*Asks:* 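Let me begin by handing over the structure; questions about it come next.
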Amino acid sequence: MKSLLRLVVCVLVLLPGGAYALEIQQVTSPGGIKAWLVEDHRNPILSLDFSFRGGESADPEGKEGRARLVSGLLDEGAGDLDSQAFQKVLADNSISIGFDSRSDRFSGNMVTLTETRDTAVDLLRLALTEPRFDAEPVERIRAQITASLRRSLQDPRTIANRTWWATSFPDHPYGRSGDGTLESVAAVTVEDLRAFTDAVLAREDLVVAAVGDIGAEELGTLLDTVFGGLPEKSGVEPVADTDPAHDGETIVVDLAIPQSVVVFGQPGIDREDPDWFTANLLNRVMAGGFGSRLMEEIREKRGLVYGVWAYLLPLDHSPLMMGGLASQNARVAEAISLVRQEWERMAEEGPTQEELDDARTYLLGSFPLSLTDSEGIASLLVSLQENDRPVDYLDQLEEIYGGITLADARRVAAKLYRAKELTVVVAGQPEGIEPAGTTSAPASGG
């Protein structure tokens, strides 16, 4: 008979007011399901987070929005409980169960009091293994998504964002919005919803984290109860690795608005790349809020924008560096030019020692603030597992970031910041921009 396996790693995390020992246990249930556990018996609450491989990129062409529909429907009736009955049990017992879809993962969470944990576990099991997809909740959630899509047709930022992705990945799932279009959401059938759950909700590539009032043996039983009835193998079709199709172009979406909205992006860096951590520091120098280079040059010195941002987006099949801003039509060309100039300056010169040290101090100092509640810790532990980080990763952070030298930062900056590959989409009526292409706003949400 299989028994529970457990490995314990103690991580010392510096929190405001002093150090806090975060003891992470690697638990393997009798049925072979693995999870990371942080026991915390100070409050009678359990947070359980989990995710599966396969998300919005698994939606078939013409059925975009399917994953999003599933995420809104799994807690709308399961087993013998219709939508109203399921929601009533949740409310009566102060249980929270929710689901979400991303490009490459489908995730869920459960938060429950210890006294109602058995009820919560049974509801979660039913939601994952016996979803009903009754007509009333299906059409109600579909209507909610459709209403959101109609509003997004009027949102310049959404339009610019969708245009960037559609033109950068024209023949890839990343080019199709996970929210779908009015036509694609309307086309999704109950059979499509069941095909998604049958393919995606599997023990293969499942990652789980539990934080709170539960021991390792109890968690082992919980894991087999909730996830043991799922199929072992995933049925998700493989998605090809790719790069953005455009290479430094500027595309204008003609919108009659006084302020243009800009989305820009280029190939980025994978989380598995040893230089990922250095790139993270560089992004803080470039666009980490007030005091960063982009904010200083574009907002503080010239008043062209209220805010400008950039971030690393390590998608499974095409890691990217993305960013955005908004500025008056008459001055947006200057703002975009300054972004490109700062990209070039970072590539040529890298950061200064002071900038690097400030970025390092900020990242190491702010990180523990995400570990102040059980839900935040559970979410972090799932993210670490998704990215194949070791269980003692948190212990390694100070050494990793502390070991990055100015020479390292300059070397990575030279290869990462490629201004000529920065593809820009402008939604508005910008003055002084010669676009490689001009398009109209999408007519049906994408």
Side-chain angles (χ1 to χ4, degrees), residues 53-68 100-106 145 149 152-153 155-185 187-188 196 199-200 236-253 261-273 279 309-324 336 339 343 386-387 416-427 435-446:
R53 180 176 65 86
E56 293 157 6
S57 59
D59 289 344
E61 190 167 1
K63 299 295 180 76
E64 297 85 4
R66 180 183 66 162
R68 192 63 55 86
D100 192 21
S101 63
R102 291 172 278 153
S103 292
D104 301 309
R105 306 287 298 189
F106 186 86
I145 293 175
L149 284 172
S152 73
L153 289 174
D155 179 22
R157 191 171 307 285
T158 300
I159 293 168
N161 190 58
R162 281 181 173 238
T163 302
W164 193 95
W165 288 93
T167 56
S168 296
F169 298 99
D171 302 312
H172 192 275
Y174 286 165
R176 306 193 297 267
S177 171
D179 289 331
T181 66
L182 298 178
E183 293 82 3
S184 69
V185 171
V188 176
F196 180 91
V200 174
V236 176
E237 294 292 328
V239 175
D241 293 342
T242 188
D243 291 313
H246 290 286
D247 193 4
E249 295 180 358
T250 298
I251 299 164
V252 173
V253 183
V261 174
V262 178
V263 173
F264 54 84
Q266 62 150 85
I269 184 169
D270 195 277
R271 282 187 186 271
E272 296 180 2
D273 192 308
W309 55 91
Y311 55 95
L312 301 174
L313 183 61
L315 296 175
D316 287 359
H317 307 290
S318 186
L320 300 168
M321 186 188 305
M322 300 293 298
I336 295 170
V339 170
W343 239 245
E386 289 175 351
N387 292 292
L416 180 62
Y417 286 88
R418 306 191 290 273
K420 292 182 179 179
E421 297 181 29
L422 198 62
T423 297
V424 179
V425 170
V426 186
T438 302
T439 185
S440 298
S444 59

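Just so you know, these numbers come straight off a predicted model, no measurement behind them. The first residue in the sequence is number 1, and the count goes up from there.
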*Asks:* Would a distance-only check, ignoring hydrogens and angles, find a side-chain to backbone donor-acceptor pair under 3.5 Å from Arg176 to Lys63?
*Replies:* no
*Asks:* Please round to the nearest 0.5 Å and tell me the distance separating atom CG of Asn387 and atom CG of Asp316.
*Replies:* 8.0 Å
*Asks:* Closer than 3.5 angstrom, by distance alone: can the side chain of Glu64 be matched with the main-chain N or O of Gly62 as a donor-acceptor pair?
*Replies:* yes
*Asks:* If you take all heavy atoms of Ile269 and Pro314, which pair is closest and at what distance?
*Replies:* O-CB, 4.1 Å
*Asks:* For the CD atom of Glu56 and the CG atom of Asp100, what is their distance to the nearest 0.5 Å?
*Replies:* 7.5 Å
*Asks:* Where is the tightest heavy-atom contact between Ala67 and Asp59, given as atom of each residue plus distance?
*Replies:* N-OD1, 3.1 Å
*Asks:* Kindly give the heavy-atom pair with the smallest separation between Ser57 and Asp104, and that separation in Å.
*Replies:* OG-OD1, 3.6 Å
*Asks:* Minimum heavy-atom separation for Ser318 and Thr242, please, with both atom names.
*Replies:* OG-O, 3.1 Å
*Asks:* Quick one: closest heavy-atom pair of Val185 and Gly65, and the distance?
*Replies:* CG2-CA, 4.4 Å
*Asks:* Any chance you could measure Met321, atom CE, to Leu422, atom CG, to the nearest 0.5 Å?
*Replies:* 9.0 Å
*Asks:* Give, for atom CG of Leu182 and atom CD1 of Ile145, the distance between the pair rounded to the nearest 0.5 Å.
*Replies:* 11.5 Å
*Asks:* Using the side chain to side chain donor-acceptor pair (under 3.5 Å) criterion, which residues pair with Asn161? Sequence neighbours excluded.
*Replies:* Trp165
*Asks:* For the residue pair Phe264 and Trp343, does the interplanar ring angle fall in the parallel (under 30°), tilted (30 to 60°) or perpendicular (over 60°) class?
*Replies:* perpendicular
*Asks:* State, yes or no, whether a side-chain contact exists between Arg418 and Pro267 at a heavy-atom distance under 4.5 Å.
*Replies:* yes
*Asks:* Output yes when a side-chain donor or acceptor of Trp164 lies under 3.5 Å from a complementary backbone atom of Thr423, and no otherwise.
*Replies:* yes
*Asks:* In a check of side-chain contact (heavy atoms from CB on, under 4.5 Å) between Val426 and each of Thr163, Ile251, Val253, Ile336, which one passes?
*Replies:* Ile336
*Asks:* Tell me if a side-chain donor or acceptor on Asp270 pairs with a main-chain N or O of Pro319 at a distance below 3.5 Å.
*Replies:* no
*Asks:* What residues form a side-chain contact (heavy atoms from CB on, under 4.5 Å) with Asp179, not counting sequence neighbours?
*Replies:* Arg68, Leu149, Arg162, Ser177
*Asks:* With Glu386, which residues qualify under side-chain contact (heavy atoms from CB on, under 4.5 Å), at least two apart?
*Replies:* Ser51, Arg102, Arg105, Val207, Val382
*Asks:* Not counting sequence neighbours, which residues clear side-chain contact (heavy atoms from CB on, under 4.5 Å) with Pro170? List them please.
*Replies:* Ala245
*Asks:* Once rounded to the nearest 0.5 Å, what's the spacing between atom CZ of Phe169 and atom CG of Leu315?
*Replies:* 7.0 Å
*Asks:* Is any side-chain heavy atom of His172 closer than 4.5 Å to a side-chain heavy atom of Val239?
*Replies:* yes
*Asks:* If you look at every heavy atom in Ala240 and His317, which pair is closest and at what distance?
*Replies:* O-CB, 3.5 Å
*Asks:* Ala160: what forms a side-chain contact (heavy atoms from CB on, under 4.5 Å) with it, not counting sequence neighbours?
*Replies:* Val261, Val263, Val425, Ala427
*Asks:* Taking only residues two or more places apart in sequence or in another chain, which ones pass ring pair (Phe, Tyr, Trp, His ring centres under 6.0 Å) with Phe196?
*Replies:* Phe106
